[in-house]
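Every chain is numbered from 1, with letters handed out A, B, ... down the list of sequences.
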Number of protein chains: 2
Amino acid sequence: MTRTRTQPKPASPPIARKTGKSPDVESSPDTRARLIDAAGEEFAEHGFAKATVRDICARAGANIAAVNYHFRDKETLYLETLRHAHRYSIEHYPHHGGLKPDAPAKDKLRAFVRAFLAKMLDCKRPKWHGRLISREMTEPTPALTLLIEEGVRPQFGALCAIVRELAPSVKGDEMEACAASVIGQALHYHHCNSMIKRLYTERKDGFPFDLEFLTDHITRFSLAAFDGLERGAREKNKNRRTNNS
Amino acid sequence: MTRTRTQPKPASPPIARKTGKSPDVESSPDTRARLIDAAGEEFAEHGFAKATVRDICARAGANIAAVNYHFRDKETLYLETLRHAHRYSIEHYPHHGGLKPDAPAKDKLRAFVRAFLAKMLDCKRPKWHGRLISREMTEPTPALTLLIEEGVRPQFGALCAIVRELAPSVKGDEMEACAASVIGQALHYHHCNSMIKRLYTERKDGFPFDLEFLTDHITRFSLAAFDGLERGAREKNKNRRTNNS
DNA sequence: ATGGCCGTCAAACATCCGTTTGAATCGGAC
DNA sequence: GTCCGATTCAAACGGATGTTTGACGGCCAT
């Protein structure tokens with residue numbers, strides 16, 4: 001039980017930060033960054049439980065002990081990787097999609113849907129970000145709180161604002177359910193990706209759903225729904241007025 | 001390497017069936033059934049990888065070796081458990097919901113949505129069925145094929161038929177995307193259950209989304225969308241005709 | 001040059017988990 | 001009663017995995 005490392009307590013392992021030299025950069029940017037990258041791919045592909053530290057280190061070209069040196073343990077590495085993916089996500093895919101706040105609500109909805117789908121489906125540089133985040137939704141770990149408060153809640157709020165513009169007569173729980181309907185449509189292609197692909201394996205023309213097609217469909221479907229809901233509310237109002245008078 | 005069991009080959013382990021006495025009933029109905037039940041809860045709660053044979057046996061009140069005796073191994077137990085849940089599911093929640101084939105399409109849609117939600121959310125007897133099946137969608141195992149061919153594909157086909165009735169002008173990939181939109185809305189509350197609940201923790205009145213509310217909302221939202229899509233198609237047709245003539 | 005860190009490495013450790021084993025137990029057939 | 005197959009059991013095996021260890025080498029300030 002003799003400890004030779006710098007830390008006196010097992011509760012505060014190395015983690016190697018702030019060497020005193022580079023003030024703003026974390027130590028060993030090389031290995032540490034490569035580990036996060038490799039961990040992201042492994043975690044996204046196999047999930048937290050089945051991803052092994054050995055594979056992660058092998059992919060990163062690092063020693064097995066690297067994970068426990070740079071991060072405390074596998075779980076901390078996971079949390080840090082998730083944080084990284086999440087930061088990247090909210091930086092590169094703003095929900096307004098570059099639109100001004102006074103843009104037409106329809107355009108804002110389309111931009112939101114596109115950004116949401118892109119975040120999940122688009123296989124840009126770090127293609128594991130989406131899978132990692134959605135995995136956290138399906139089987140939450142303690143890291144879920146971070147995602148919700150910083151990512152989900154603001155985005156959901158923004159979508160609710162758009163919904164209020166498009167269907168002002170819908171209020172309360174119904175309004176939030178409408179927002180959930182939009183998100184649900186988009187997430188479906190992410191969660192059930194493997195199943196949907198399997199459903200279409202026999203088709204000669206392959207998988208027909210790309211980012212453009214899906215953005216188009218979901219926007220049109222949702223706009224049609226909002227339109228119909230508003231129309232229904234107007235008619236109900238009319239009926240009530242004629243009945244009352 | 002001496003084998004004392006009944007089977008000469010490791011490829012065909014005991015599995016204890018057809019004792020010769022009870023022709024239609026599998027042997028050891030007690031332990032075997034209890035194992036499937038316990039396995040269902042464990043697999044649903046922790047997933048295939050993290051669920052342990054030891055915990056399953058403990059929950060079933062059986063010996064550790066019971067799994068390898070009654071089923072070949074952990075994976076076969078999983079497959080058998082999934083099969084059980086799946087059979088129960090298609091038996092107890094027919095997608096037509098008891099409606100006749102000539103019922104109005106709107107009613108059929110509502111029945112479909114209700115059955116779909118109930119299958120996933122309703123906490124009837126075996127509350128782990130839904131979680132198990134949806135887990136298979138998110139991270140498929142080789143057992144996925146069974147679910148798709150026997151469960152998903154027929155249901156999806158039935159929904160497509162309803163969509164064709166409600167929005168006859170929508171065809172091809174668009175039509176299937178519409179069906180996916182309906183399913184996506186329903187599945188959302190299942191996949192993101194933990195996240196949605198967390199989003200609502202601060203609310204004084206608790207989680208507002210029960211089976212009735214969700215059935216109502218999703219049906220209304222989707223019907224409004226189909227209505228709007230049809231209306232849009234009619235207008236486009238009208239425009240084309242006036243432009244052409 | 002030297003000493004003290006920091007990062008890396010191979011090897012081992014400790015634990016957990018799926019599976020196997022061989023004996024013990026039970027129940028019915030003869 | 002005896003035998004035989006089915007079932008259960010405690011114990012152990014073998015492998016994988018997260019983690020720790022102690023040494024080695026490079027780098028910089030002294």
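- In this structure, a donor-acceptor pair under 3.5 Å is present between the side chains of A/H217 and B/S181.
- In the set D/dT19, C/dG18, C/dT21, the nucleotide with an atom closest to the side chain of B/A65 is C/dT21.
- Scanning for side chain to side chain contact (heavy atoms under 4.5 Å, CB included) contacts around B/D55 gives B/E42, B/T52, with sequence neighbours left out.
- Side-chain proximity of A/Y69 to the nucleotides C/dT20, C/dT8, D/dT19 is greatest for C/dT8.
- Rounded to a whole Å, the CD1 atom of B/I64 is 10 Å from the C1' atom of C/dC17.
- A/N63 has a side-chain polar atom (N or O) that falls below the 4.0 Å cut-off from OP1 or OP2 of C/dA10.
- Below 30°, between 30° and 60°, or above 60°: for B/F221 and A/F221 the angle between ring planes is between 30° and 60°, a tilted geometry.
- One can place NZ of A/K74 at 16 Å from C1' of C/dA14, the figure rounded to the nearest angstrom.
- You'll find that the side chain of A/N68 is closest to D/dT20, out of D/dT20, C/dT21, C/dT8.
- Of the candidates A/I36, A/L79, A/T81, A/I36 is the only one forming a side-chain contact (heavy atoms from CB on, under 4.5 Å) with A/F71.
- Taking atom CZ of residue A/F48 and atom C1' of nucleotide D/dT17, one finds them 12 Å apart after rounding to whole Å.
- In this pair, A/F48 and A/F43 present their aromatic rings parallel. The plane angle is below 30°, not in the 30 to 60° band.
- A straight line from CZ of A/F71 to P of C/dG7 spans 12 Å, rounded to a whole angstrom.
- Spacing between atom CG of B/D73 and atom P of C/dT20 amounts to 8 Å, rounded to whole angstrom units.
- Atoms NE2 (B/H70) and P (D/dC9) sit 9 Å apart, rounded to a whole Å.
- B/L187 places a side-chain heavy atom less than 4.5 Å from the side chain of B/F116.
- At a threshold of 4.5 Å between non-hydrogen side-chain atoms, the residues B/L35 and B/I56 count as touching.
- Contacts between residues 50-60 of chain B and DNA chain C, defined by a heavy-atom separation under 4.0 Å, are made by B/A51, B/T52, B/V53, B/R54.
- Atom CG in A/L77 sits roughly 16 Å away from atom P in D/dT17 (whole-Å rounding).
- The nearest whole Å value for the distance from the NE2 atom in B/H46 to the P atom in C/dC17 is 11 Å.
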